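Note that the structure is predicted; figures quoted are calculated from it, not measured.
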Amino acid sequence: QVLVQVQVRISAMSPREDFGRCSSFVSNVPPHSPGGTTLEPQRPRNFGLAFAAVLVCGTINNFAYCMVSGASQDLSRQWHTESMTTILTMIMNFSALSATMVSAKILARLRFYTRICVVLLMTLLTYLGMAYAAAPGMPWGGFWTAAVVSFFCGWAQIFGEVTNLAFLKVFPPELIGGWGAGTGLAGIFGSLMYICLRGPAGLSSTAVFLLAIPLLLPYWVAFHYLHREAIRGLDGYRLAKALGGESSLVAFSRGSETDAREFLHPAPVSAAPPTCANIRAAIAVSGSILFNLVAVYCFEYTVYPGLDDRETLCAPKSWYTAMWMCYNVGVTISRLSVSFCRVTHVWILTVAQLVNVLGWTVEVYTGAVRDAFAHGGGYYIMTAWMVLVGLCGGATYGNCMYLFNTQPGIPENLRELGITLGFFMSNIGVTLATLSFFFLDKSILDSSVLYPGGCPAEVYRGA
């Protein structure tokens, strides 16, 4: 978010909600009453405090995902599974596809507060599971235990994102900017925490994951505060909407003459359903946007974690995580920049990302940059380059979302379907890109091919 992220997210949430977390120029569509009138947003008593609470929720919700992704190479080295570094990230992205469907089928029935409790429990199990897997000598520990935990880590991140974005619709749309900023900060501070605690502090990976557990408390406190503000002074239908969940709306409708289905779907649904005919129509009118969105995500995840892992095979363990952090810096900056600087010809960004892929591929095979400076100084240049990779990826994402919502020629009822297709196809592309390195790392990108004489200086690897 992914991101890193990736940061997801198919039909379980409105695509407009997902886009709102990355820029401020798409308004949050307010809910409607059963009569069809627009409901006024619930305004928090202290906007600054509410914004900070949303920022905390966004940061900590994505923190575990970002920490696992940033730690994947270091963990693979500990388990002597260096050729499988990208698998953990691939599994978390693959889980996004199933998580959105589960969220739509099951979680939507629960109230928002209950859903957040489920997210907190799953995140707690993620930290405990990764700590157990990283602990040496533990039965059933190691890579495959971490892989299973990574799947549930992806679920926790998606469930939390879907829930928070749906819940925040009760507030003024400006608050969603705090969520977007928080998800960007998660990639930066999640990586930074792992680097500092594993490096200067000298702690084990197990200790680092255990020390992240207390972060769940401010997550709960922040959401608890927002929840109190959301339901303050409400009753009837507005209270049911603020509480969330089909059960709340059905319970309220029992005391009303209005049919329960009208409360569950009070406004006419303008979005086209995902039928074969509608999908073909959406592709026909937004095919270029879809192509650029999917292509950039594939290129992005080819560089990180794929080529980045190969570039840092002989580097100190902190470099891989540092590049993940700088990638998120670029993504955060570019997504925010779309609010005031937009690119209509997004193919330019796609070409730029392709150039990044080609450049990184040449660098991985030749080591022209990493070997050009003594004592691993070339890695500083590669880390700066990773910021550029994040800039291209985040800018393409933001501008594609803007075009989905505003480009002339796309029928209004196909806009949301187009965004849904974009996210779905992008997740498949990301999964295939990361999965491909499972095979490439054992063949043409194997360490024996890239470093036939071994690492130039083993001291760097262990630093």
If you measure from OG1 on Thr206 to CG on Leu211, what distance do you get to the nearest 0.5 Å?
11.0 Å

Are the side chain of Thr302 and the backbone of Cys298 linked by a donor-acceptor contact shorter than 3.5 Å?
yes

Selection residues 214-230 - residue pairs positive for salt bridge (charged side-chain N to carboxylate O under 4.0 Å, His left out), sequence neighbours left out:
Arg45-Glu229, Glu229-Arg232

Going by the rule side chain to side chain donor-acceptor pair (under 3.5 Å), which residues pair with Tyr225 if we only count those two or more places apart in sequence or in a different chain?
none

So, Thr312 versus Gln73: side-chain donor-acceptor pair below 3.5 Å or not?
yes

Donor on one side chain, acceptor on other, Trp324 and Ser191, under 3.5 Å
yes

Can Tyr194 and Ser205 be said to form a side chain to side chain donor-acceptor pair (under 3.5 Å), step by step?
CA-CA 8 Å; Tyr194 192 83; Ser205 298; 2.8 Å; yes

Trp155 vs Phe151 aromatic rings, parallel, tilted or perpendicular, using cut-offs 30° and 60°?
tilted

Shortest non-hydrogen separation from Leu215 to Ile60 and the atoms involved
O-CD1, 3.2 Å

Hey, does Trp385 have a side-chain heavy atom less than 4.5 Å from the side chain of Trp360?
yes

Is there a side-chain contact between Tyr380 and Trp319 (heavy atoms, below 4.5 Å)?
yes

Quick one: pull up CG in Leu450 and CD1 in Ile444 and give me the separation to the nearest 0.5 Å.
9.0 Å

Using side-chain heavy atoms (C-beta onward) and a distance below 4.5 Å, is Tyr297 in contact with Thr396?
no

Any side-chain donor near an acceptor of the partner, Tyr65 and Thr126, under 3.5 Å
no

Apply salt bridge (charged side-chain N to carboxylate O under 4.0 Å, His left out) to Asp441 and list each qualifying residue two or more places apart in sequence or on a separate chain.
Arg310

Using the six-membered ring wherever Trp is involved, compare the ring planes of Phe171 and Phe167 and label them parallel, tilted or perpendicular (cut-offs 30° and 60°).
perpendicular

Can you name the one residue among Asn292, Leu293, Val355 that meets side-chain contact (heavy atoms from CB on, under 4.5 Å) with Thr350?
Asn292

Once side chain to side chain donor-acceptor pair (under 3.5 Å) is applied, do any residues pair with Tyr219, and if so which ones, sequence neighbours excluded?
Asn61, Asn164

Of all residues at least two apart in sequence or in a different chain, which pass the side chain to side chain donor-acceptor pair (under 3.5 Å) check with Thr89?
Ser69

List for me each residue that meets side chain to side chain donor-acceptor pair (under 3.5 Å) alongside Tyr304, sequence neighbours excluded, and say none if there are none.
Tyr320

Hey, what do you get for CD1 (Ile231) to OH (Tyr113), rounding to the nearest 0.5 Å?
9.5 Å

Is a side-chain donor or acceptor of Arg115 paired with a backbone partner of Leu110 at a separation under 3.5 angstrom?
yes

For the residue pair Asn62 / Thr183, report whether a side-chain donor-acceptor contact shorter than 3.5 Å exists.
no

